[in-house]
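Below is one structure, written out as structure tokens; comments come after it.
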2 protein chains.
Amino acid sequence: MVLPVRKNKSPNTPHECPLSQCMAILGGAWTPNVLWYLSGGPRRFSELQIDIPPVSAKVLTTRLRDLESKGVVSRNVKPTSPPSVEYALTDLGQELIPVIEAIVEVGHKIKLRTE
Amino acid sequence: MVLPVRKNKSPNTPHECPLSQCMAILGGAWTPNVLWYLSGGPRRFSELQIDIPPVSAKVLTTRLRDLESKGVVSRNVKPTSPPSVEYALTDLGQELIPVIEAIVEVGHKIKLRTE
DNA sequence: TTATAAGGTTTCCGATTGGTAACCTAAAGT
DNA sequence: ACTTTAGGTTACCAATCGGAAACCTTATAA
């Protein structure tokens, strides 16, 4: 007795995979963390380093540049001395907040299970 | 004029980072896709391969094993010949659905912007 | 005049990923 | 006798990732 493969599509068939679209943004190391901290308001480079101690300067720079090029984060150089740079979520970035919140919420539930 | 670093914590301070907890689950390649298709009901190995054509057998196996060990997915071998194996979301896995849905929704919005 | 600050960049390197392709088992169909 | 099927496993390989540490600039403060 051989089970036939159900050739029908799964009920959930994304149209050209929005999942991958979005995960391309969230994918890199520390990306969700950066977005989370920025969701609390604009934040400077050195402040993000304090918020997320394990992130290296190299990776933090890379992430912020990536997010900027994707239109998720804005970069604002203030004419102080030495110049300070403030990062903030763009409108598109704001749209990601529900995702981050959902992730955080599940993270809590997972903790409750493992404890 | 030197800007003082705001030493206060960001308003959003996760308590021992549920973000990382959850991202540890969602992190691997194709993981969100697998969860998405499983959210439509139980699905067999070969069916998932059809659902997600670019995933290799090796990676799909790895993902499913990972998810199983994390209690997100259940594995059920049916006594057919050759044996067929059905994967399904556990209760914990169900809790991830809102996250996946949030990701999909943002994916759509991103598409609208880039078009 | 030397140090410090902010916000990086660059180089080097090892670890982790993920892909390809070959292989495996046992039973059932042809 | 041979092939197909389901669900993998294994070995090998190249690319990518991310961490550590050193370095850079320019203006002000000590």
Side-chain angles (χ1 to χ4, degrees), chain A residues 1-7 10 17 19-20 23-34 37-38 42-70 73-88, chain B residues 1-7 10 17 19-20 23-34 37-38 42-70 73-88:
Chain A
M1 174 238 206
V2 177
L3 274 195
V5 173
R6 287 165 258 181
K7 294 272 177 172
S10 159
C17 207
L19 257 184
S20 308
M23 287 308 290
I25 293 180
L26 299 182
W30 307 113
T31 308
N33 305 72
V34 169
Y37 283 108
L38 289 184
R43 206 99 179 132
R44 284 191 290 134
F45 189 89
S46 50
E47 294 172 330
L48 288 171
Q49 284 189 296
I50 292 169
D51 291 335
I52 317 168
V55 77
S56 66
K58 177 195 171 188
V59 170
L60 184 53
T61 308
T62 310
R63 271 328 138 241
L64 289 169
R65 295 282 176 281
D66 289 352
L67 292 172
E68 201 194 343
S69 80
K70 283 165 185 153
V73 154
S74 66
R75 182 174 188 270
N76 190 292
V77 182
K78 292 185 166 185
T80 53
S81 172
S84 64
V85 182
E86 210 167 61
Y87 295 92
Chain B
M1 174 240 208
V2 178
L3 275 195
V5 173
R6 288 166 257 179
K7 295 273 181 175
S10 158
C17 207
L19 258 184
S20 308
M23 287 308 291
I25 293 180
L26 299 182
W30 307 113
T31 309
N33 305 72
V34 169
Y37 283 108
L38 289 183
R43 206 96 181 133
R44 285 192 289 136
F45 189 87
S46 50
E47 294 172 329
L48 288 171
Q49 284 189 297
I50 293 170
D51 290 336
I52 317 168
V55 77
S56 66
K58 176 195 170 188
V59 169
L60 184 54
T61 308
T62 309
R63 268 335 134 235
L64 289 168
R65 295 281 177 281
D66 289 352
L67 291 171
E68 201 193 343
S69 80
K70 282 165 186 153
V73 155
S74 66
R75 182 174 189 270
N76 191 293
V77 181
K78 292 185 164 186
T80 53
S81 172
S84 63
V85 182
E86 209 167 62
Y87 295 92

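Just so we're on the same page: letters track the sequence lines, and every chain starts at 1.
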Output the rounded distance in Å from [atom1] ([X]) to [atom2] ([N]).
| X | N | atom1 | atom2 | value |
| --- | --- | --- | --- | --- |
| A:Asp66 | D:dG18 | CG | C1' | 13 Å |
| B:Gln49 | C:dT20 | CD | P | 12 Å |
| B:Ile50 | D:dT5 | CD1 | P | 12 Å |
| B:Arg43 | D:dA6 | CZ | C1' | 15 Å |
| A:Glu47 | C:dA5 | CD | P | 15 Å |
| B:Lys78 | D:dA6 | NZ | C1' | 14 Å |
| B:Met23 | D:dC17 | CE | C1' | 15 Å |
| B:Glu86 | D:dG8 | CD | C1' | 17 Å |

Run the side-chain donor-acceptor check on residues 52-62 of chain B: report pairs under 3.5 Å with partners two or more places apart or on a different chain.
unit_1, atom_1, unit_2, atom_2, d
B:Ser56, OG, B:Val59, N, 3.3
B:Thr61, OG1, B:Ala57, O, 2.7
B:Thr62, OG1, B:Lys58, O, 2.7

Residue list, side chain to side chain donor-acceptor pair (under 3.5 Å) with B:Asn33, at least two apart or on another chain: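 So B:Asn33 forms no side chain to side chain donor-acceptor pair (under 3.5 Å) with any residue.
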For B:Ala88, enumerate each residue passing the side chain to side chain contact (heavy atoms under 4.5 Å, CB included) test, keeping only those at least two apart in sequence or located in another chain. B:Pro42, B:Ser74
Is [X] close enough to [N] that one of its side-chain N or O atoms is under 4.0 Å from OP1 or OP2 there?
| X | N | answer |
| --- | --- | --- |
| A:Tyr87 | C:dG8 | yes |
| B:Arg75 | D:dG7 | no |
| B:Ser46 | D:dG7 | yes |

From the options C:dA6, D:dA6, C:dA28, select the nucleotide whose nearest atom is closest to the side chain of A:Pro82.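 In terms of side-chain proximity for A:Pro82, the closest of C:dA6, D:dA6, C:dA28 is C:dA6.
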What's the closest nucleotide to the B:Arg44 side chain, out of C:dA28, C:dT9, D:dA6? D:dA6
Do the side chain of B:Arg63 and the main chain of B:Ala29 share a donor and acceptor less than 3.5 angstrom apart?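 Yes.
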Closest-nucleotide 5' rank along DNA chain D - winner of B:Leu64 and A:Pro54: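 Residue closer to the 5' terminus by nearest nucleotide: B:Leu64.
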Give each protein N/O atom lying under 3.5 Å from an N/O atom of nucleotides 15-18 of chain C, with the pair distance.
unit_1, atom_1, unit_2, atom_2, d
C:dG18, OP1, B:Ala29, N, 3.0
C:dG18, OP2, B:Arg63, NH2, 2.3
C:dG18, N7, B:Lys58, NZ, 3.2

Quick check: closest heavy atoms across B:Leu26 and B:Pro32, and the distance to 0.1 Å?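 That would be O-CD, 3.8 Å.
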Distance-minimising heavy-atom pair for B:Asp66 and B:Ser69: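 What the structure gives for the nearest pair is O-OG, 2.9 Å.
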Please step through side-chain contact (heavy atoms from CB on, under 4.5 Å) for the pair A:Leu38 and A:Leu48, ending with a clear verdict. CA-CA 9 Å; A:Leu38 289 184; A:Leu48 288 171; 4.3 Å; yes
For residues B:Phe45 and B:Leu64, determine if any side-chain heavy atom of one lies less than 4.5 Å from a side-chain heavy atom of the other.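 B:Phe45 reaches B:Leu64 side chain to side chain.
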Polar atom pairs between nucleotides 2-4 of chain D and protein, under 3.5 Å, N or O only, would you list them?
none

For B:Glu86, the option from B:Arg75, B:Lys78, B:Arg44 that meets salt bridge (charged side-chain N to carboxylate O under 4.0 Å, His left out):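 The single option meeting the salt bridge (charged side-chain N to carboxylate O under 4.0 Å, His left out) with B:Glu86 is B:Lys78.
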